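Everything below concerns the one structure shown next.
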Amino acid sequence: MAGTAHPEAMAPPQKGPTRTAPPQMPGTWWGAPRIRTYLLFGATGIVYFIAGTVFLHLVWQLGKGPEAWETALSSLSHPAYIAFNALTLVSVIFVGVRAFGGMMPKMQPRTGPIPVLPAGTVKALIYGVWSLMTLVICLILAGVLF
Amino acid sequence: MKHLLLILEPVIWLLFGAGLALGTMLLTGFVLVVGLAIPMGIVPPEALNYERAYGLASSFIGRVILLALIALPLWKGAHHVRSLALDFGGAERDGAVGSLLYLAAAGVSVLGIIAVVGL
Amino acid sequence: MIQVSRHDIVIVGGGGAGLRAAIAAAEAHPDASIALVSKVYPMRSHTVSAEGGAAAVARDDDSEELHGFDTVKGSDFLGDQDVIEYFVEQAPRELALLENWGCPWSRNDDGTVSTRAFGGMTTKRTWYATDKVGFHMLHALFQHSMRFENIVRYDEFFVTELLTENGECKGVAALEIRTGEFHAILGRAVILATGGAGKIFPFTTNGTIKTGDGMALAYRAGVALKDMEFVQYHPTGLPGTGILITEAARGEGGYLRNADGDRFLVDYDYGVGNKAELGPRDMVSRAIIQEFEAGRGIDSKVGLHAALDLTHLGEAHINEKLPFVRELAKTYIGVDPVYEHIPIRPVVHYMMGGVDTDVNSATSMPGLYAAGEVACASLNGANRLGSNSLTECLVAGAVAGQNAMDFARGSSEGNVERLRGQAECESARVDALRGSAKGSEQISGLRQEMNSTMEEGCGVYRDHPSMAVAAEKAREIRQRASDLHLTDKSKVFNTEIIGAMELVNMVELAEVLAVSAAARKESRGAHTCRDFPKRDDTNFLYHTMAYQTEDGPRLDKKDVKLGHWEPQERKY
Amino acid sequence: MTEAAEMMHVEVTRFDPDQDEVPKVQEYDIPIQSDWKVLDAINYIKDEVDSSLSHRWSCRMAVCGSCGMMVNGEPKLTCKTSLADYSGSIKIEPLANFPIVRDLVVDIDGFMDKFRQVKPWILRAKERAEDMEALNEKGTFSQSPAELGAFKQFSMCINCLLCYSACPVVANEPEFIGPAAIALGHRYNLDSRDEGARERNETFRGEGTVFSCSFANECSQVCPKNVDPAAAVNQAKLGAVIDWAKGLVLPREGA
Ligand SMILES: Cc1cc2nc3c(=O)[nH]c(=O)nc-3n(C[C@H](O)[C@H](O)[C@H](O)COP(=O)(O)OP(=O)(O)OC[C@H]3O[C@@H](n4cnc5c(N)ncnc54)[C@H](O)[C@@H]3O)c2cc1C
Ligand code: SF4
Ligand code: F3S
Ligand code: FES
């Protein structure tokens, strides 16, 4: 019977199954400090979503004319608005620090024509752009520029 | 549903990434002034009286920035909320939850476009 | 009912040698079916722990002639020269192939593969991937092997017996560890690639899976074990755990120092001459022991040791070339080699001996092949040069894969029912053993006894009275090992019964080792006798062959294949 | 080594499918030594107290990747984790997120399949025999130290699977191909000798691969070999998106 293999020989080994216990996730996985920051990071999604709609609302009012705009602007001083905006600020800074400090430097593509910069340089660049943009926007909105 | 999401995944991820990076950068300044400084009276509201606000917003750059300011955080938010839902055991519902969230983000984005274009 | 599966060839062992054999067979015969059986997932095999490098001529100032001579001389002229010549010729091709398959070899600035110095080698010919060479080689081989659909893996299957018919090897009986069920895995040729047996000794660089199973399988099937008395002690193991600090640490320029801080290999005459720290392992290990005996060992809470000094190499160099050494020293002995000396002492590392094979990786049994550390083709003779064995795994593995396949194609399959019957007997034997609770010997207790017997009798320095004692004791331990006390009755992933079978294998080999050692009344390579301090070519230039009998090993002799290089005094 | 023995309270998960319905906890009080790793304690129990305890291990030098377990709820390589880091009592469980075969042994066959999906070998357009002009006279490819550096870190993975135990996505979506497998595929994508990035990126855009990762970063936190799989996964996302975008612009460019 010299020659080729048996037809059934290429089949993967017939491993016998045994009864297994289902995978275990430690009951308190979300309690671990590291996981907690990760979940908080995810939770900022809710804040961002609402922030987006708030700005939509403002732009909408702006489009409606001067009265609507002034009402909208003054309604912003409602404590609930201020509290939410404070939360947004905290979220934004948290997201920025986590993403710009940890993620972006890692995500540089390692192939292709774009050179890989040292992580420190990338971080500095991103933080620099972030601060500059914030500054310019603040100055414009506060009426200092333009 | 899940299949459609899969095909769209690169786009969604790009929008999410843009929301994470650009959205964060834009939001910081806007929240600081429009959300906090003006309502709290640190900056006089005249800085954004109707004429000035409309002038800034209706310029081409202003429109682009406003659109980004509205739409990008929505996508960042939708994507993050979806993964949050997944982390708390929503694997089977992921397709539905994801579609719902992205539809919402898309819907509000369209309103955003209407608002910005109609300025 | 046991499972029967049929293949063209069956390879036992998923380390460097086994994977290379599988790839060689699969590449040459895409229509053939190759079974790869391993008691651990292949990437866990102990090849993964090799650190320093793999030797093959690469530089222009080097030649196969030189590599061959270094190897012969390193072997103290016990190496078979036909094997050595074949080996040095194939080595560069094999390592280049591994490069083509993705192994991340360290590079020179011009993009060629970089080489480093190693003990007993004339020039820099050791290819390396920082200091995790075995790890990178094994993973490259394993990952490359995955592209072949015709390599059928049996992961976590423990082979307990060779199935034979009319004196030919026709497959293996294996215990599926996960289920506790037996399988008869049939093939028209079988390759053993099960690695070494360092776990016979208490203080070793070897992992817990290195229990010499393949040697015991062949021995019980009637094949001779060759040159088992030659056990390599590596000079630089961490006290306590025995974890290896690679020879590359010396290859990169590290010094060995004694309690006085002297570089004793330079300051005293230990026969390594101007090679100093780059002397061959047997000589450097002996030098360390002599330093201990002269009272110049360093005594601390980890026991008597010498020191490996890398501090002068500088942090940058250590991080670039020896990062794993730094990690190991920090984690396992709490020393940062950038600032402190690493405590080291000689440690059992490698079995020069093994299943008797020739240059074709064939054993005396038709259809049975062996490659890698389990085999003794006599490349390494009485002392292996560092970095030759990883290359040997590739060269011998490829040859074995080829030849086994050719043999299989030219022979017929055995009688399936008869082979199934054999495996069923084996299955019944193991079933009766599992959790039987009848015996009186504790596995761990007997293992410790075997360990200390071998350490006392067959250390770096040996003498004949104590070797005779060890041989006697080893025989007694072997007999007692048939009376083990097992408590775990479960069939699922029963590691107790695996441990028991491994122990039975080891005690068998321990006896062969001690008996072979006691019979060699000379000093050659790693076998150094205080009572016979000289090499004796007139009476002992032969290979020891051990055959199994009822009452212990029967010894025989086999000629050394000389040829190109004449035996001469071994001095560096 | 010879200091007076301290005692330690060890809680170990036990599960024998022949007897137990569900995993249970068994407690041992054992003498320990100050230089022991967690694995030494488990081996002590196996050797001296209870030989029916099953666990995997081999190299005891943090390179074979077989001894991963949960230690006080964190995935750890037990041969690398000092007992001295814990005082008084310690809890040892099988790796989370994998089905339990027995005691501390988990089923990793699912991972072995995922591993193969990313085609972890050098893919080239031509067979080796036709590809000889790509090689130098020694038969090797040329690769500069910088080109080696581009992927070296991602080739250090020992397949210990701690990252799978830590990843919240793996927990909820067992089909997720997971950090180590993606890192491995990405390692080949980055290798200057490889030409298979397009093929792998197509795999990466499939269900349960790179886009399932929600950047928990847990994988990189627990990795004992500093592979930083999270970086690999996210670079792979970018690579997959770039390839996808290229595919839109240049739909008919060669395979
Ligand atoms: C710490 C250390 C460092 C080293 N450094 C170097 C170096 O720098 N250079 C060098 O050249 N050499 C080095 N060596 C030596 C070299 O690594 C080994 O000789 C070589 O790796 C052996 O490979 P192998 O394929 O023969 O066996 P292994 O890699 O040990 O593989 C054995 C295989 O057989 C399987 N197996 C065993 N028994 C059974 C059974 N009963 N049933 C089923 N399967 C079984 C195992 O599962 C495993 O897959 C080193 C060795 C050690 C221990
Ligand atoms: S990436 Fe790190 S944690 Fe994950 S398997 Fe590899 S070595 Fe282990
Ligand atoms: S932990 Fe999991 S979610 Fe992504 S970054 Fe790592 S794979
Ligand atoms: S025993 Fe090998 S990694 Fe821990």
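This is a predicted model, so every value here is computed, not measured. Just so we're on the same page: letters track the sequence lines, and every chain starts at 1.
Between atom CG of residue D:Leu135 and atom CD of residue C:Glu99 there is a gap of 7.5 Å, rounded to the nearest 0.5 Å. In this structure, the separation between OG1 on C:Thr241 and CZ on D:Arg60 is 6.0 Å, given to the nearest 0.5 Å.
Annotation: side chain of D:Cys64 is not in contact with side chain of C:His46 (no heavy-atom distance under 4.5 Å). You'll find the side chain of C:Tyr41 stays beyond 4.5 Å of the side chain of D:Asn159, heavy atoms only. For the pair C:Phe148/D:Trp121, no side-chain contact is recorded, criterion being any heavy-atom separation below 4.5 Å from C-beta on. Side-chain contact between D:Met61 and C:Thr205 is absent, with no heavy atoms from C-beta onward closer than 4.5 Å.
Counting heavy-atom pairs under 4.5 Å between each of D:Arg187, D:Met112, D:Gln19 and chain C puts D:Met112 at the top. Per-residue heavy-atom pair counts under 4.5 Å with chain C were compared for D:Leu184, D:Asp194, D:Asp131, and the maximum is reached by D:Leu184. Between chain D and the residues C:His139, C:Gln442, C:Arg93, the largest count of heavy-atom pairs under 4.5 Å involves C:His139. Interface remark: of the candidates C:Ser145, C:Ser444, C:Ser45, C:Ser444 forms the most heavy-atom pairs closer than 4.5 Å to chain D. For chain C, the option among D:Ser144, D:Ala146, D:Ser192, D:Cys157 with the highest count of heavy-atom pairs below 4.5 Å is D:Cys157. Interface summary for chain C: among D:Ser51, D:Ala62, D:Ser82, D:Ala134, the most heavy-atom pairs under 4.5 angstrom belong to D:Ser51. With respect to chain D, the highest number of heavy-atom pairs below 4.5 Å among C:Pro92, C:Gly207, C:Gly111 belongs to C:Gly111. Among D:Arg124, D:His55, D:Lys225, the residue with the largest count of heavy-atom pairs under 4.5 Å with chain C is D:Lys225.
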message: Would D:Gln143 and C:Val113 count as a side-chain contact (heavy atoms from CB on, under 4.5 Å) here? Give the steps.
response: CA-CA 8 Å; D:Gln143 185 168 63; C:Val113 173; over 6 Å; no

- request: List the steps and the verdict of salt bridge (Lys or Arg N to Asp or Glu O under 4.0 Å) for D:Asp35 and C:Lys301.
  value: CA-CA 11 Å; D:Asp35 59 350; C:Lys301 71 177 199 311; over 6 Å; no

- request: Check the pair C:Lys489, D:Asp18 against salt bridge (Lys or Arg N to Asp or Glu O under 4.0 Å), reporting the backbone distance first and the verdict last.
  value: CA-CA 9 Å; C:Lys489 287 193 182 353; D:Asp18 286 355; over 6 Å; no

message: If you apply the rule salt bridge (Lys or Arg N to Asp or Glu O under 4.0 Å), what do you find for D:Lys80 with C:Glu327, and how did you get there?
response: CA-CA 10 Å; D:Lys80 202 184 176 188; C:Glu327 180 189 327; 3.4 Å; yes

message: Using salt bridge (Lys or Arg N to Asp or Glu O under 4.0 Å), reason through C:Arg107 and D:Glu147 one step at a time and then give a plain yes or no.
response: CA-CA 10 Å; C:Arg107 302 286 176 156; D:Glu147 286 169 326; over 6 Å; no

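Closest of all the heavy-atom pairs between C:Asp110 and D:Ser142 is O-OG, 4.1 Å. Taking every heavy atom of both residues into account, C:Trp101 and D:Tyr188 meet most closely at O-OH, 4.4 Å. D:Thr140 approaches C:Asn100 most closely through the heavy-atom pair CA-ND2, 3.9 Å.
Relative to the ring axis of C:Tyr332, D:Lys37 places its NZ or CZ within 45° and under 6.0 Å from the centre.
C:Arg147 places no side-chain N or O within donor-acceptor distance of the main-chain N or O of D:Pro120, the cut-off being under 3.5 Å. Judged by distance alone, the side chain of D:Ser54 and the main-chain N or O of C:Phe493 form a donor-acceptor pair under 3.5 Å. No donor-acceptor distance shorter than 3.5 angstrom exists from the side chain of C:Arg44 to the backbone of D:Trp57, with no hydrogens or angles considered.
Salt bridge present: D:Arg116 and C:Glu149 bring a charged side-chain N and a carboxylate O closer than 4.0 Å. By the 4.0 Å N-to-carboxylate-O rule, D:Asp109 lies too far from C:Arg153 to be salt-bridged with it. Salt-bridge check for C:Asp60 with D:Lys138: passed, with a basic side-chain N closer than 4.0 Å to an acidic carboxylate O. Under a 4.0 Å N-O distance rule, the pair D:Asp107/C:Arg178 qualifies as a salt bridge.
Only the backbone of C:Thr204 comes within less than 4.5 Å of a heavy atom of chain D; no side-chain atom from C-beta onward does. Residue C:Pro104 touches chain D through both its backbone and its side chain, counting heavy-atom pairs closer than 4.5 Å. Interface residue D:Ile158: backbone and side-chain heavy atoms are both found under 4.5 Å from chain C. For chain C, the nearby part of D:Arg102 is the side chain; its heavy atoms alone come within less than 4.5 Å. In this structure, chain D has heavy atoms under 4.5 Å from both the backbone and the side chain of C:Asn494. Only the side chain of C:Leu328 comes within less than 4.5 Å of a heavy atom in chain D; its backbone stays farther off. For D:Val63, the parts lying under 4.5 angstrom from a heavy atom of chain C are both the backbone and the side chain. With a 4.5 angstrom heavy-atom cutoff, D:Asn136 touches chain C only via side-chain atoms. For D:Pro145, the parts sitting under 4.5 Å from any heavy atom of chain C are the backbone and the side chain alike. Heavy-atom distances place both the backbone and the side chain of D:Cys79 under 4.5 Å from chain C. Contact annotation for C:Glu27: neither backbone nor side-chain heavy atoms come within less than 4.5 Å of a heavy atom of chain D. Interface remark: C:Phe135 contributes side-chain atoms only to the contact with chain D (heavy atom separation under 4.5 Å). At a 4.5 Å heavy-atom cutoff, the contact between D:Arg56 and chain C is made by side-chain atoms alone. Residue C:Lys132 touches chain D through its side chain alone, counting heavy-atom pairs closer than 4.5 Å.
D:Ser58 and C:Thr208 share no donor-acceptor pair across their side chains, judged by distance under 3.5 Å alone. No side-chain donor-acceptor contact under 3.5 Å links D:Ser52 and C:Thr487.
Taking a 6.0 Å sphere around CD of D:Glu133, one finds it holds more than 12 heavy atoms contributed by other residues, nucleotides or ligands.
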